[in-house]
Amino acid sequence: MGFYFAQFLTGLASAASLFLVASGLSIIFGVTRIVNFAHGSFYMLGAYLAYTLVDAWQAGPFGFWGAVIIAAVAVGFIGAAIEFLLLRRIYHAPEMFQLVATFGVVLVIQDLTLMIWGAEDLVGPRAPGLDGAVEIFGELVPEYDLALIVLGPAVLGGLWLLFNRTRWGTLVRAATQDREMVGALGVNQSWLFTGVFFLGSLLAGLGGALQVPREAVSLLMDLNIIAEAFVVVVIGGMGSIPGAFLAAVLLGEMNAFGILIFPQITLVMMFLVMAVVLVVRPWGLLGKAEAAARPPSGAAEPPLRVAGGMMRWLAMGGLAVLLLLPFLTDEFTLVLLIDIMVFALFAASLHFIMGAGGMVSFGHAAYFGLGAYGAALLIKFLSMPMELTLILAPVIAGIGALAFGWFCVRLSGVYLAMLSMAFAQIAWSVVFQWYEVTGGDDGLLGIWPSEWASDKTVFYYLTIAVCGGGIWALRRILFAPFGYTLRAGRDSALRVDAIGIDLRRHQWFSFALAGMFAGIAGTIYVFSKGSVFPDEMSIPRSVDGLIMVLLGGVQTVAGPVVGAASLTLLEDFISRLDYWRMMLGAVVIAIVVAAPQGIAGAFLQLIPARWTGREETA
Amino acid sequence: MITRRGILAGLGLTVAATMWGTAGPSLAADTIKIGEINSYTRLPAFTIPYRNGWQLAVEEINAAGGVLGKPLQIISRDDAGKPGNAVKIAEELVSKDKVVMLAGTFFSHIGLAVTDFAKQRKVMFLASEPLSDAIVWAKGNDYTFRLRPSTSMQATMLAEQAAKLPAKRWATIAPNYKYGQDAVAAFKAALKARKPDVEFVEEQWPALFKIDAGATVRAIAAAKPDAIYNVTFGGDLAKFVREGSLRGLFKGREVVSLLTGEPEYLDPLKKEAPDGWIVTGYPWYAIDTPAHKKFVAAYQAKFDDYPRTGSIVGYNTMLAIAATIRKAGSTDRDKMIAAMKGISFDSPTGNVTFRSVDHQSTMGAYVGRTAVKDGKGVMVDWVYADGANYLPNEAETRKLRPAN
């Protein structure tokens with residue numbers, strides 16, 4: 001009995017720190033609608049700052065708690081400064097675009113932290129006065145855990161008071177419901193947003209600072225917490241702070257007791273819970289359906305036009321250059337171009353559901369990975385020739401997308417995105433754990449092209465044919481009735497429904513189609529690398545795709561291709577230097593601020609409309 | 001019209017263009033080019049000491065006139081912890097930079113990706129840091145060699161010590177990925193072979209770097225083992241040690257722990273370092289052979305820091321490469337491969353031989369107990385375990401290595 005009670009307390013203590021981080025994320029999203037990837041970086045900064053301050057003021061219990069609070073407040077100011085200097089400039093960009101900026105911030109903070117605090121893990125002192133353990137029902141429970149268990153609900157209560165008993169809190173709640181109306185009533189929205197960012201970042205910093213007595217402060221903290229924080233927020237319901245608390249407790253306890261039965265479960269537990277919750281409750285445990293009274297933000301999106309004469313000539317010229325390149329350059333350029341074309345098709349397939357369908361996916365890598373693993377497994381176990389796997393592996397990816405998509409298209413917005421991520425993580429964990437078949441994280445090796453295609457130049461032409469053909473096909477579908485229907489459904493689900501179209505089925509098929517094309521990209525990828533690892537279906541790969549689409553311009557058809565080429569080339573060139581992540585982050589941020597429509601979007605605005613086939617709009 | 005946006009865009013392009021210009025490899029004539037790939041940004045705590053190590057070796061080799069009268073030139077690249085990146089970089093190093101061989105990698109899966117690339121493109125590759133047995137056995141090939149003592153070698157070194165303990169009931173804790181699985185399997189097999197009456201009563205598999213330490217510690221304690229075999233490292237280890245000592249898990253129990261004596265993992269724990277654990281590691285402060293003292297002095301003079309395990313691995317990597325090229329008398333691939341098989345050279349940690357049967361080096365590790373001295377963790381009562389004694393014999397090895 002005592003054992004289970006102690007285990008329960010341990011779960012509560014883990015829940016408390018998770019709740020602090022998640023509540024900050026939830027508040028920021030609720031008001032600003034920004035998907036803030038940098039939230040984990042704020043958590044990490046909180047831990048590093050607290051470590052330094054605690055180290056400096058070690059004497060006395062005030063030293064420790066004073067350090068924690070000052071570290072949290074400092075992180076709050078850093079968050080507010082980033083909102084003020086960067087995000088404020090791009091509120092009117094297309095939806096989700098801001099996440100590219102926060103992605104840049106993540107990169108910059110990673111390298112800055114490395115520069116300031118060094119590479120080695122830092123183990124801070126324990127909290128003075130709370131460094132022992134007390135016996136409860138015959139089990140030792142750390143005092144610090146008990147403090148955290150008290151602190152979690154205390155912060156929850158404090159936030160409740162702030163949001164329900166102060167004028168500022170009332171305004172924030174009003175802005176969560178209807179930003180424009182709050183602005184129309186004369187409230188200075190800018191400062192409200194900055195304030196919200198301050199509070200949210202402060203909570204992240206506090207969560208990080210409180211970890212100092214529990215774990216080693218390390219450079220991996222940011223990426224380790226961010227997915228978890230999003231999961232907690234979504235399970236609880238975006239914008240709902242009690243929901244975040246409930247979700248954190250649920251996850252903490254599931255983990256504490258799950259490992260007693262099946263120790264490997266920690267790998268996937270939270271994503272399983274999220275998938276189940278979202279399938280049963282599409283807006284999380286305590287969330288409410290999003291009121292879609294007005295379009296999200298920014299100007300209404302102009303409809304896509306078939307490219308005009310000049311653009312067609314440009315595209316043909318580009319293709320001609322690609323075809324001639326093997327005669328002009330060295331082999332490595334071809335390797336790089338194969339990478340670019342693979343990612344261009346991957347990004348284009350994501351753009352297909354994101355741009356035209358209005359369905360953002362945080363788990364698109366699942367289908368890239370299914371294609372790659374599909375091909376590898378067909379070769380390993382059935383000794384199929386490469387040519388056949390090029391057809392069958394994408395079908396496997398398509399079937400996977402058909403299955404996952406059925407659930408995903410029932411949701412919308414961030415919930416859809418997170419459910420797709422949950423499925424991707426579940427698929428990832430299966431691949432990661434199933435050593436006998438997939439080789440686990442040691443991957444599958446020796447998946448090289450057939451003899452005739454093993455020459456780099458031949459494989460290059462094969463890639464142009466397959467990936468170029470895929471991109472062309474996706475484009476063709478976008479301008480077919482199916483694509484028009486999808487776009488109509490994105491802009492007005494009600495009207496599409498009213499004229500008798502089954503929108504959900506269209507969305508479902510488009511999801512499966514996008515998965516299949518991602519699978520084609522994955523298949524080519526595995527043959528170009530010769531091996532495949534679970535990394536190819538993990539969250540970073542999905543994020544890469546997302547960044548490519550948004551950076552290129554989600555409102556243009558060429559966007560994903562431009563985005564894939566820019567990001568791949570940038571990374572290839574910059575990663576030769578020291579502290580390259582900081583530079584890449586800075587370049588990404590500069591692009592984001594200079595071109596809120598994405599690179600292709602900004603380019604389109606510079607050239608005459610008749611070239612692109614776009615109509616002049618007043 | 002000049003807008004702020006326009007200026008910013010221009011600035012971005014200029015930055016990008018500048019990098020484009022400076023990023024190209026410098027073409028020094030008449031050097032021996034070695035391609036080096038590692039996860040420098042993903043795990044800097046381990047890979048930067050490694051880089052320091054090989055940089056020191058290259059400096060010393062070149063100061064002494066290089067190899068075959070030419071200086072070594074290392075083209076070093078960051079794979080950002082992604083296997084696909086590593087293969088792309090390997091392609092570039094081979095086809096564009098024309099390196100004579102590849103070296104490096106830390107993560108086992110990236111090591112395996114490059115191993116397979118080496119086989120396909122018929123390029124020589126010295127896997128310096130990855131521990132996976134598969135690199136030289138299951139997936140081994142004629143082009144790939146490996147320097148560091150493998151997972152099973154180090155686990156066997158520990159099992160040898162564990163067999164001397166009275167403990168019968170064992171619990172294991174390891175990060176849930178291939179390295180953890182291999183390390184547990186190898187330890188179990190080696191311990192059972194030496195002491196058939198041991199039983200394993202509990203296994204914990206926390207996700208790598210995401211351990212829920214409090215709950216895991218309690219689950220292990222509930223099984224009431226006599227002793228614990230630990231494979232967690234880095235941040236997981238710090239949490240495990242903290243939560244475990246708070247909850248009295250280590251009281252009256254022997255702990256046998258893989259790699260924990262390596263400064264990379266032991267030093268961050270400072271005064272909370274575990275006391276009395278049996279570990280493999282690298283007590284650089286106490287190895288008093290003249291060769292090693294010379295290495296430490298040179299390292300400290302150059303970097304104003306002390307060497308880690310990665311440093312000695314990096315240093316020995318370049319010694320091995322230089323010795324191979326000298327013996328081959330050329331940078332021809334086939335001659336180098338032939339030369340490296342069975343090559344023997346003296347390193348600061350003793351003589352190292354690359355076995356010709358499986359291309360694994362006999363570089364060993366230090367086995368001892370941890371202690372806390374002057375507020376930091378150290379290894380005491382250690383011995384050097386020569387890798388040669390922990391490798392299977394030739395006949396058995398051939399069975400493990402289907403490719404040959």
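Note: hydrogens, waters and symmetry copies are ignored here, and every other heavy atom, side chains too, is used. These numbers come from a predicted model, not from an experiment. So you know, we letter chains A, B, ... as the sequences are listed, proteins then strands, and number each from 1.
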* Where on A/Ile589 is there a heavy atom nearer than 4.5 Å to chain B: the side chain, the backbone, both, or neither? -> neither

* Asked: So which of A/Leu260, A/Val532, A/Leu9, A/Leu220 has the biggest tally of heavy-atom pairs under 4.5 Å with chain B?
  -> A/Leu220

* To do: For each of A/Asp572, A/Asp145, A/Ile225, tally heavy-atom pairs with chain B at distances under 4.5 Å, and name the one with the top tally.
  => A/Asp572

* Pick one of side chain, backbone, both or neither for B/Arg242, based on which atoms fall under 4.5 Å of a heavy atom in chain A. => both

* Asked: Within a radius of less than 6.0 Å around CZ of A/Phe257, do more than 12 heavy atoms belonging to other residues, nucleotides or ligands occur?
  -> yes

* Asked: Are any side-chain N or O atoms of B/Gln204 and backbone N or O atoms of A/Gln264, one a donor and one an acceptor, separated by less than 3.5 Å?
  -> no

* **Toward chain B, the part of A/Leu336 with a non-hydrogen atom under 4.5 Å** => side chain

* Asked: Any side-chain heavy atom of A/Val335 within less than 4.5 Å of one from B/Lys88?
  -> yes

* Structure fact -> The interface call for A/Glu143 against chain B, heavy-atom contacts under 4.5 Å, is neither

* Asked: If you count heavy-atom pairs under 4.5 Å between each of A/Lys456, A/Glu571, A/Glu536 and chain B, which one has the most?
  -> A/Lys456

* To do: Search all heavy atoms of B/Gly214 against all heavy atoms of A/Thr10 and return the closest pair with its distance.
  => C-CG2, 3.5 Å

* Choice from A/Ser531, A/Gly446, A/Gly440, A/Ser218 maximising heavy atom contacts with chain B below 4.5 Å -> A/Gly446

* Asked: Measuring heavy-atom distances to chain B, does A/Phe262 have an atom under 4.5 Å in its side chain, in its backbone, in both, or in neither?
  -> neither

* Check for a donor-acceptor pair, side chain of B/Arg218 on one end and backbone N or O of A/Phe3 on the other, with a separation under 3.5 Å. => no

* **N-O pairing of B/Arg247 and A/Glu135 below 4.0 Å** => no

* Asked: Quick one: what part of A/Arg581 sits under 4.5 Å from any heavy atom of chain B, side chain, backbone, both or neither?
  -> side chain

* With a 4.5 Å limit on heavy-atom distance, are the side chains of A/Phe533 and B/Lys82 in contact? -> no

* Asked: Counting N and O atoms only, with roles assigned by atom type, does the side chain of A/Tyr435 sit under 3.5 Å from a partner on the main chain of B/Lys178, one being a donor and the other an acceptor?
  -> yes

